[in-house]
> 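Take this structure, written in structure tokens, and hold onto it; I'll ask about it next.
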2 protein chains.
Amino acid sequence: MRKDISKPRNFGYVERFVEPCVLLLLSKNPSHGYGLMEGLEKHCGEKVDIGNLYRTLRKMEKNQWIKSDWEKGNIGPNKRKYEITGKGKGTLNEAYISLKQTQSLINHFFIGYKKVFGKK
Amino acid sequence: MRKDISKPRNFGYVERFVEPCVLLLLSKNPSHGYGLMEGLEKHCGEKVDIGNLYRTLRKMEKNQWIKSDWEKGNIGPNKRKYEITGKGKGTLNEAYISLKQTQSLINHFFIGYKKVFGKK
DNA sequence: CATATCTATATGTAAATATCATATAGTAAG
DNA sequence: CTTACTATATGATATTTACATATAGATATG
């Protein structure tokens, strides 16, 4: 049973922003789900739902943007270690271009806003 | 029956971006749904689904961000003319703040991107 | 030793939103 | 009369997210 009913997200919510962020993080270093959380909170702001993150990672793997193998650590439970693929690098580049467009879209809004309400 | 199965949107899709845009446009001049389309294509980019726009307008009215009355034009079909309310102006300001946060979030991503792939 | 907590991965369910299709109706043009 | 345009609206469905819960090994605490 849910404690609280879902509410609409804030305006300006960027859909699936976590995916480019994961691709960018994995471009630096291979990592696993739980370990990605840390970097994501820096790059994706606020909180990332851990359940959704795992689901997203499996989806990204299905799309062949990332691939995984089990890392049988001598300490702690096994980790599914992800790395980015060539296809994933292409997707990251596409995301970069899309996000550039998003940025200019939002800028366009701010220009209009400024015209009506003045600078601030 | 649908011709095509739905596909995921591009990365960088900003959810409910149309609402702040409508509020901004109505801050300048009262208008009606069909007439808002034109301004929206400038401020919200690309295409806005007309069915979705009408549904959004009714939802915004339910939230008391805008209010409408029927304009019995001497030419053409009747138009539901919308204007922004005081509450709507407050919502527009909230959206402005959220979109500023979104902008800095995306900027944060670009900084990380540049570190890995260099400037461009 | 029993149990609680932490790391790590994963799935179930429901709500919110967008997309595509379709419905309705008045008006204008040919 | 039929076609096209203006204008508003709803139905069905896919995608994504939020919140909750499940599982299991490892480690710490009493």
Side-chain angles (χ1 to χ4, degrees), chain A residues 1-22 30-40 44-63 66 68-82 95, chain B residues 1-22 30-40 44-63 66 68-82 95:
Chain A
M1 240 158 297
R2 35 183 44 220
K3 281 182 181 170
D4 219 345
I5 44 168
S6 276
K7 282 170 195 170
R9 288 179 281 276
N10 284 340
F11 294 112
Y13 184 88
V14 181
E15 204 175 84
R16 288 169 65 212
F17 187 56
V18 75
E19 294 172 53
C21 288
V22 164
S31 186
H32 61 284
Y34 203 83
L36 282 164
M37 284 294 289
E38 208 185 318
L40 285 172
C44 297
E46 301 137 328
K47 59 203 162 196
V48 178
D49 182 81
I50 184 70
N52 274 338
L53 175 58
Y54 284 114
R55 193 147 22 198
T56 299
L57 287 169
R58 305 314 302 277
K59 192 193 69 181
M60 291 172 75
E61 189 170 23
K62 202 183 279 180
N63 290 342
I66 56 178
S68 70
D69 49 34
W70 282 100
E71 197 182 35
K72 283 160 195 149
N74 31 7
I75 50 153
N78 292 352
K79 302 169 182 179
R80 188 189 283 276
K81 197 172 191 179
Y82 285 100
Chain B
M1 241 158 296
R2 34 183 45 221
K3 281 182 182 171
D4 219 346
I5 44 166
S6 277
K7 282 171 197 170
R9 288 178 279 277
N10 283 340
F11 292 112
Y13 183 87
V14 181
E15 205 175 82
R16 287 170 66 211
F17 187 57
V18 77
E19 293 171 55
C21 288
V22 164
S31 186
H32 61 284
Y34 204 82
L36 281 165
M37 284 294 288
E38 208 184 319
L40 285 172
C44 297
E46 299 138 326
K47 57 203 164 198
V48 178
D49 182 79
I50 185 69
N52 211 22
L53 176 59
Y54 284 114
R55 193 146 22 196
T56 299
L57 287 168
R58 306 313 303 277
K59 192 192 68 177
M60 290 171 76
E61 189 170 23
K62 202 181 279 180
N63 290 342
I66 56 177
S68 71
D69 49 32
W70 282 101
E71 198 182 34
K72 282 158 195 151
N74 31 8
I75 50 154
N78 291 350
K79 300 170 185 180
R80 188 189 283 276
K81 196 172 189 179
Y82 285 100

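Predicted, not measured: the structure shown is a model, and the values here were computed from it.
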> Between P on D:dA20 and NZ on A:Lys47, what's the gap in Å once rounded to a whole number?
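Result: 12 Å.
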
> Specify the residue among A:Thr56 and B:Asp49 whose closest nucleotide of DNA chain D lies further upstream toward the 5′ end.
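First, find each residue's nearest nucleotide; the 5'-ward one identifies B:Asp49.
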
> In whole angstrom, give the distance that lies between atom NZ of B:Lys79 and atom P of D:dA9.
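Interatomic distance, NZ of B:Lys79 to P of D:dA9: 14 Å.
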
> Please give me the minimum heavy-atom distance between B:Cys21 and B:Leu40, naming the atom from each residue.
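The answer is CB-CD2, 3.6 Å.
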
> Closest to the A:Trp70 side chain: D:dA9, C:dT9, C:dT19?
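Selected nucleotide: C:dT9.
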
> Ignoring hydrogens and geometry, is there a side-chain-to-backbone donor-acceptor pair from A:Arg16 to B:Arg9 under 3.5 Å?
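At least one qualifying donor-acceptor pair exists.
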
> Can you tell me how far C1' of C:dT7 sits from OH of A:Tyr34, to the nearest Å?
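These atoms are roughly 5 Å apart.
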
> As a quick check of understanding, evaluate side chain to side chain contact (heavy atoms under 4.5 Å, CB included) for A:Leu36 and A:Val48, giving each step before the final call.
CA-CA 10 Å; A:Leu36 282 164; A:Val48 178; over 6 Å; no

> By nearest heavy atom, map B:Lys59 and B:Gly51 onto DNA chain C; which one lands nearer the 5' end?
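Its nearest nucleotide lies further toward 5', so the answer is B:Lys59.
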
> Between C:dA18 atom P and B:Phe17 atom CZ, what is the distance in whole Å?
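The distance from CZ of B:Phe17 to P of C:dA18 comes to 12 Å, rounded to the nearest Å.
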
> Write down the distance between CG (B:Leu36) and C1' (D:dT6), rounded to a whole number of angstrom.
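In whole Å, D:dT6 C1' and B:Leu36 CG are 15 Å from each other.
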
> Whole Å only: how far is the CG atom of B:Leu53 from the P atom of C:dT19?
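For the pair B:Leu53 CG and C:dT19 P, the rounded distance is 12 Å.
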
> Please check the phosphate of C:dA10 (OP1 and OP2 only) for any side-chain N or O of A:Arg58 closer than 4.0 Å.
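It does, given that an N or O in the side chain of A:Arg58 lies less than 4.0 Å from OP1 or OP2 of C:dA10.
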
> Tell me what B:Arg55 touches on the nucleic acid: a base, only sugar-phosphate, or nothing, going by heavy atoms under 4.0 Å.
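Base contact.
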
> Closer than 4.0 Å, any side-chain N/O of B:Tyr13 to the OP1 or OP2 of C:dA18?
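The answer is yes; a side-chain N or O of B:Tyr13 sits under 4.0 Å from OP1 or OP2.
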
> Rounding to an integer number of Å, can you tell me how far A:Glu71 CD sits from D:dG25 P?
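My rounded result for the distance is 18 Å.
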
> If only side-chain N and O atoms of B:Tyr54 are considered, is one of them under 4.0 Å from the OP1 or OP2 phosphate oxygen of D:dA9?
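Looking at the OP1 and OP2 atoms of D:dA9, neither is under 4.0 Å from any side-chain N or O of B:Tyr54.
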
> Just one of A:Lys81, A:Lys79, A:Arg80 clears the side chain to side chain donor-acceptor pair (under 3.5 Å) bar with A:Glu71, so which one?
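Exactly one candidate clears the test, A:Lys81.
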
> Base, sugar-phosphate, or nothing for B:Arg16, non-hydrogen atoms under 4.0 angstrom?
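Sugar-phosphate, backbone atoms only, no base.
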
> Any side-chain N or O of A:Arg80 under 4.0 Å from OP1/OP2 of C:dT9?
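Checking A:Arg80 against C:dT9: no side-chain N or O falls below 4.0 Å of OP1 or OP2.
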
> Could you tell me how far apart A:Asn52 (CG) and C:dA10 (P) are, to the nearest whole angstrom?
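For the pair A:Asn52 CG and C:dA10 P, the rounded distance is 14 Å.
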
> Take B:Thr56 and B:Met60 through the test side chain to side chain contact (heavy atoms under 4.5 Å, CB included) and record every step on the way to the result.
CA-CA 6 Å; B:Thr56 299; B:Met60 290 171 76; 3.8 Å; yes

> Using a heavy-atom cut-off of under 4.0 Å over every strand shown, decide if B:Leu57 touches base, sugar-phosphate, or nothing.
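Counting heavy atoms under 4.0 Å across all strands, no contact is made by B:Leu57.
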
